[in-house]
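Written out below as structure tokens is the structure these notes cover.
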Amino acid sequence: NADAAMYLAKEQGRNNFQFYAPELNASILSRLKLEMELRRALDAGQFELYYQPKLEMADGRLNGAEVLIRWRNDAGQLVPPNRFIPVAEECGLIGAIGDWVLAETCRQHAAWRAAGLLVPVLAVNVSARQFAQPEFAENMGRMLAELGTAPAAIELELTESMLMADVRRTAATLERLKELGFSIAIDDFGTGFSSLNYLRHFRLDVLKIDQSFVRELLQDRAALAIVQSIIALARALNLQTVAEGVETEAQRALLQEQGCGAMQGYLVARPLPASDFAAWLRAYNKGRPP
Ligand code: C2E
Ligand code: MG
Ligand code: MG
Ligand code: MG
């Protein structure tokens, strides 16, 4: 670790200031360690995908599932994405991780289909850096063709800030993605700092109502008003709505009453490893008329 700190100090082209700021030093070192571990994680097969079902409000039909990455680190702990995706973004590993997520998602979709389990659409989270690639849409199309998956089986979850980074380019990219057959969701809708004007210019399919609004739905009139507005807006623009983070029956009932289209959250199921998801879906299907 002394070597790593020395390297870092040298790389920054300064003297040994770092050695005299122990706290800073420790945080830089742990960050460096995380980066090195992440670099190995792909080759070591330490990433895992979890799947969380989304249900139609009206009839309980499976709308699809969201794909959520986890990392089983050297210590065997399951690390949630918020702890490593931002680092992967910063150090440029997100491209390789994103490619792996897409490939594994396609493989899993095909495996379930071969086993007679129909999961209409798998929704994949895209990072800002992936989306900013000049050839993002073409690359996605090419990868899916190589993987033998129909783009209609894949939904891409994007955030407002990603869309707003370069509005003109975004419009063209979304146009191309739609041509290829992907569907597009805005994740965490309502939490970004963006003008509503962009909704007129972008080809979108789904607004995912952020879980912060859902959580406060029954306690906070403002949260309810925001959810009502999102649903009204979506309806007027012919977009679907999915409520995220639905944990209670009271939230579900209120969302349904307000006309929300679909839901995702612990009330339905937690994100599950592939085999548990398959078992969950089989049991779920069994309890429903065909
Ligand atoms: P997100 O896309 O908004 O995903 C929803 C998050 O809410 C997930 O956290 C999920 O486990 C959690 N969640 C679902 N239902 C409930 C609920 O009822 N209550 C509560 N409290 N939470 C619920 P997770 O899996 O930790 O993922 C966090 C974020 O990491 C995701 O937020 C997404 O932005 C990012 N992420 C996850 N997988 C990937 C990936 O493969 N690539 C990229 N670039 N980002 C990813
Ligand atoms: Mg998401
Ligand atoms: Mg979200
Ligand atoms: Mg989020």
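Atoms within each ligand, like the ligands themselves, are counted from 1 in listed order.
Ranked by closest heavy atom to atom 5 (C) of ligand 1, the top entry among Gln52, Glu244, Gln251 is Glu244. Of the listed residues (Ile97, Asn125, Val124, Ile69), the one carrying the non-hydrogen atom nearest atom 34 (O) of ligand 1 is Asn125. Evaluated by nearest non-hydrogen atom to atom 35 (C) of ligand 1, the leading choice among Pro81, Ala128, Ala269 is Pro81. Compare Ser127, Ala185, Ala88 by their heavy atoms: the one nearest to atom 44 (N) of ligand 1 is in Ser127.
Between the side chains of Gln77 and Asn73, at least one donor-acceptor pair of N or O atoms lies under 3.5 Å. Judged purely by distance below 3.5 Å, without hydrogens or angles, the side chains of Asn139 and Arg142 pair a donor atom with an acceptor atom. With hydrogens and angles left out, the side-chain atoms of Glu66 and Asn125 include a donor and acceptor closer than 3.5 Å.
Rounded to 10°, the angle formed at the Mg ion (ligand 2) by OE2 of Glu66 and OD1 of Asn125 is 90°.
Put simply, part of Glu66 is less than 4.0 Å from ligand 1, judged by heavy atoms. Glu89 does not count as a contact of ligand 1, since none of its heavy atoms falls under 4.0 Å from the ligand.
The Mg ion (ligand 2) has an N, O or S atom of Glu157 inside 2.8 Å of it. Look at Asp210 and the Mg ion (ligand 3): no N/O/S atom of the residue is under 2.8 Å from the metal.
Under a 4.0 Å N-O distance rule, the pair Glu175/Arg203 qualifies as a salt bridge.
Residue Arg70 has at least one nitrogen or oxygen atom sitting less than 3.5 Å from a nitrogen or oxygen atom of ligand 1, judged on distance alone.
Looking at Asp187, its N, O or S atom nearest to the Mg ion (ligand 2) turns out to be OD2.
With hydrogens and angles ignored, the 3.5 Å screen pairs a side-chain donor or acceptor of Glu89 with a backbone N or O of Ala128.
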